[in-house]
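Below you'll find the structure, written out as structure tokens, and then a few comments.
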Amino acid sequence: MKPVVTIIVPVYNAQKTVRRCLESILAQDFKQFELLVIDDGSWDDSPAICDEFAEKDSRVHVIHKENSGVSQTRNIGLSMARGQYIQFLDSDDWITPEATRTLLSAAQQTSADLVVADFYRVVGERVSTKGSITKEKLMFRDEFAGEMLRSPADFYYGVIWNKLYRRKIIEKYQIRMDPNLNWCEDFIFNLEYLLHVQTVYCVQTPIYYYVKTEGSLVDETMKSGGVMRQKLKVLEYYNRFYKNIYSGTSYALRAPVIYSFLLNFAHDDTVRRIMPGTKKLGSERTVLMHDADVDAWTVNYYERVLIRREGESIRLQYHLTHRAMLVIAYLYAFGPSCVTEEFAWYVGVSQRALSQTLRMMSGKKLVIQMREPEEKELEEGEEWTVENAAETKAEDTWMPGEAAEPILQDWNRMLTDLDAMMTEGFTESEKTEYLALRKKSFEGIKKRLSL
């Protein structure tokens, strides 16, 4: 079967990290990909480790070559790729299990030519979430270019590993890495690619673990000679890109900002223990490490962990509190509701605290309040409305508001994806039987709880 996504990983003397990188790729919940692992003349155990993965999984293809640098190595991968989309990883980094699916879903649902995602910045045992676009949305190229002007040297824009590309665009315009650059070559690739796109979609879900290490290529290049020559060449690409985006007066007005890029080089904030949002590595996600016998308790636990993890991506995307996310999930499942004991139990708070949460959410239009008359007699021909209900003593009924609509759409999509994941490998008859049995089991649980 032809792969949908081609994942390209250049490897050079990465024996300490490449196994973690490749394992994270093969653990993707989206399976229809090919993995091109290109060994750039490593002299440590990296080649043997890569071959080990190729022997275990037919989707893995390993290419061994003489050392020629990361740009040419990636270019070989681009020339060999068969997927509709291209995804890159560096061998000392890794990705979340839903990374490829998240990028691909955004591309397919919005028809975007480029998808960009947030990422995790890892330094030692500390991790923080990084991103530059403050709202998840589809943008035309010019708007994205304007956002990039605000912080042109930000890793978010410059790197290739938090993005998904359309291969047909890459091949049509023969976009490749410049082998003559050993600094910002990925940023130049992005600029060349952006010249040929119409739309960009930004996902506010972190999907990539970027590990900052001392002695990196950027660090060494900055310490070596020819730094200004490298910068001037990068500026030439950068300047040409914006001359294609803006013209005449529009370009002249932005020229000072564009040239300020010369004073900056690719950078990323340091993760410090005192930084807000910085966490210990491993605490940002729930990872299951153990096998277990299949019983009702364990299956329920695993399902809850999976839903919580997937739901966390939606929560982060829309900057919701855990409590607000649970309120929306409850209203999605059960429809408009009063402040009941069950509603409060679902959210994990008292009924009083739930009422306070709902009032706060209504100010953000995440929920709206409706009032139903208790015993008001309507005149003949008169229909119940929010206006006449407000005149009566009534119990509050809450329902999702306008601002919750995109959240509910993503929540529904997530549950649909989870259903597909849990029935992966089932025949159609097995799926039908499974869903029927699950519904029957649910009815049994409801009956027991009502006793």
Side-chain angles (χ1 to χ4, degrees), residues 5-28 33-81 86-97 99-100 119-127 130 155 158-163 176-177 179 181-187 189 206-224 266 268 271 281-282 287:
V5 180
T6 295
I7 303 175
I8 299 173
V9 181
V11 176
Y12 178 69
N13 292 342
Q15 63 181 17
K16 295 181 179 179
T17 59
V18 68
R19 187 179 298 277
R20 176 182 62 190
C21 173
L22 300 183
E23 285 176 346
S24 75
I25 296 171
L26 296 182
Q28 292 300 290
F33 63 83
E34 66 173 351
L35 172 55
L36 303 182
V37 184
I38 308 172
D39 168 37
D40 187 28
S42 300
W43 42 262
D44 65 357
D45 289 338
S46 297
I49 295 172
C50 295
D51 289 340
E52 175 188 326
F53 279 86
E55 291 172 4
K56 293 179 180 179
D57 196 311
S58 60
R59 295 173 298 175
V60 182
H61 306 279
V62 179
I63 299 93
H64 299 288
K65 56 182 280 295
E66 293 184 0
N67 180 257
S68 60
V70 67
S71 293
Q72 190 174 358
T73 301
R74 287 172 175 154
N75 288 343
I76 290 173
L78 288 172
S79 298
M80 295 179 61
I86 301 292
Q87 183 181 357
F88 292 97
L89 270 82
D90 288 344
S91 59
D92 49 356
D93 303 332
W94 73 98
I95 52 178
T96 64
T100 301
F119 60 94
Y120 292 114
R121 171 76 155 71
V122 181
V123 177
E125 294 299 316
R126 308 301 295 177
V127 62
K130 306 292 293 179
F155 266 35
V159 297
I160 57 176
W161 37 249
N162 67 331
K163 300 174 177 68
R176 294 294 189 269
M177 304 284 171
L181 286 175
N182 59 3
W183 175 71
C184 275
E185 72 286 345
D186 43 2
F187 185 41
F189 179 88
I207 54 95
Y208 191 97
Y209 287 89
Y210 160 64
V211 181
K212 173 64 176 175
T213 55
E214 293 298 326
S216 66
L217 179 59
V218 171
D219 291 338
E220 293 304 316
T221 303
M222 292 301 101
K223 295 174 185 175
S224 64
D268 192 30
V271 176
L281 182 62
V287 181

Listing, residues 7-16 side-chain donor-acceptor contacts under 3.5 Å, not counting sequence neighbours, or none:
from, atom 1, to, atom 2, distance (Å)
Asn13, OD1, Trp43, N, 2.8
Asn13, OD1, Asp44, N, 3.4
Gln15, OE1, Asp45, N, 3.0

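- Identified under the salt bridge (Lys or Arg N to Asp or Glu O under 4.0 Å) test for residues 67-80, with sequence neighbours left out: Arg74-Asp90, Arg74-Glu185.
- In this view, Asn75 satisfies the side chain to side chain donor-acceptor pair (under 3.5 Å) rule with no residue, not counting sequence neighbours.
- The aromatic rings of Tyr210 and Trp161 sit parallel, their planes meeting at an angle under 30°, below the 60° perpendicular limit.
- Lys163 NZ to Asp186 CG: the interatomic distance, rounded to the nearest 0.5 Å, is 8.0 Å.
- Applying the salt bridge (charged side-chain N to carboxylate O under 4.0 Å, His left out) criterion to Asp57, with sequence neighbours excluded, gives Arg59.
- Applying the salt bridge (charged side-chain N to carboxylate O under 4.0 Å, His left out) criterion to Glu52, with sequence neighbours excluded, gives Arg19, Lys56.
- Counting all heavy atoms, side chain and backbone alike, Ser68 lies closest to Thr73 at OG-OG1, 4.2 Å.
- Partners of Gln28 by side chain to side chain donor-acceptor pair (under 3.5 Å), not counting sequence neighbours, listed by chain and number: Thr100.
- Residues His64 and Asp51 form a side-chain contact, since some pair of their non-hydrogen atoms from C-beta on lies under 4.5 Å apart.
- In this structure, the side chains of Asn162 and Lys130 stay at 4.5 Å or more apart for every pair of heavy atoms.
- Between Cys21 atom SG and Ile49 atom CD1 the span is 11.5 Å, to the nearest 0.5 Å.
- Here the options are Ile25, Thr17, Val211, Leu89, the test is side-chain contact (heavy atoms from CB on, under 4.5 Å), and the partner is Trp94; only Val211 passes.
- Residues meeting the side chain to side chain donor-acceptor pair (under 3.5 Å) test with Ser42, sequence neighbours left out: Asp39.
- In terms of modelled atom types and a separation under 3.5 Å, the side chain of Ser24 and the main chain of Ile95 share a donor-acceptor contact.
- Partners of Ala27 under the side chain to side chain contact (heavy atoms under 4.5 Å, CB included) rule, at least two apart in sequence or in another chain, do not exist in this structure.
- Remark: the backbone N or O of Asp92 is paired with a side-chain donor or acceptor of Arg20 at under 3.5 angstrom.
- Using cut-offs of 30° and 60° on the angle between ring planes, the pair Phe88 and Phe189 is perpendicular.
- Scanning for side chain to side chain contact (heavy atoms under 4.5 Å, CB included) contacts around Glu34 gives Pro3, Thr6, Leu36, His61, Ala81, Arg82, with sequence neighbours left out.
- Side-chain contact check for Asp93 versus Val122: every heavy-atom pair is 4.5 Å or farther apart.
- Every residue two or more places apart in sequence or in another chain that forms a salt bridge (charged side-chain N to carboxylate O under 4.0 Å, His left out) with Asp40 is listed here: Lys65.
- The nearest pair of heavy atoms linking Cys50 to Val37 is SG-CG1, 3.5 Å.
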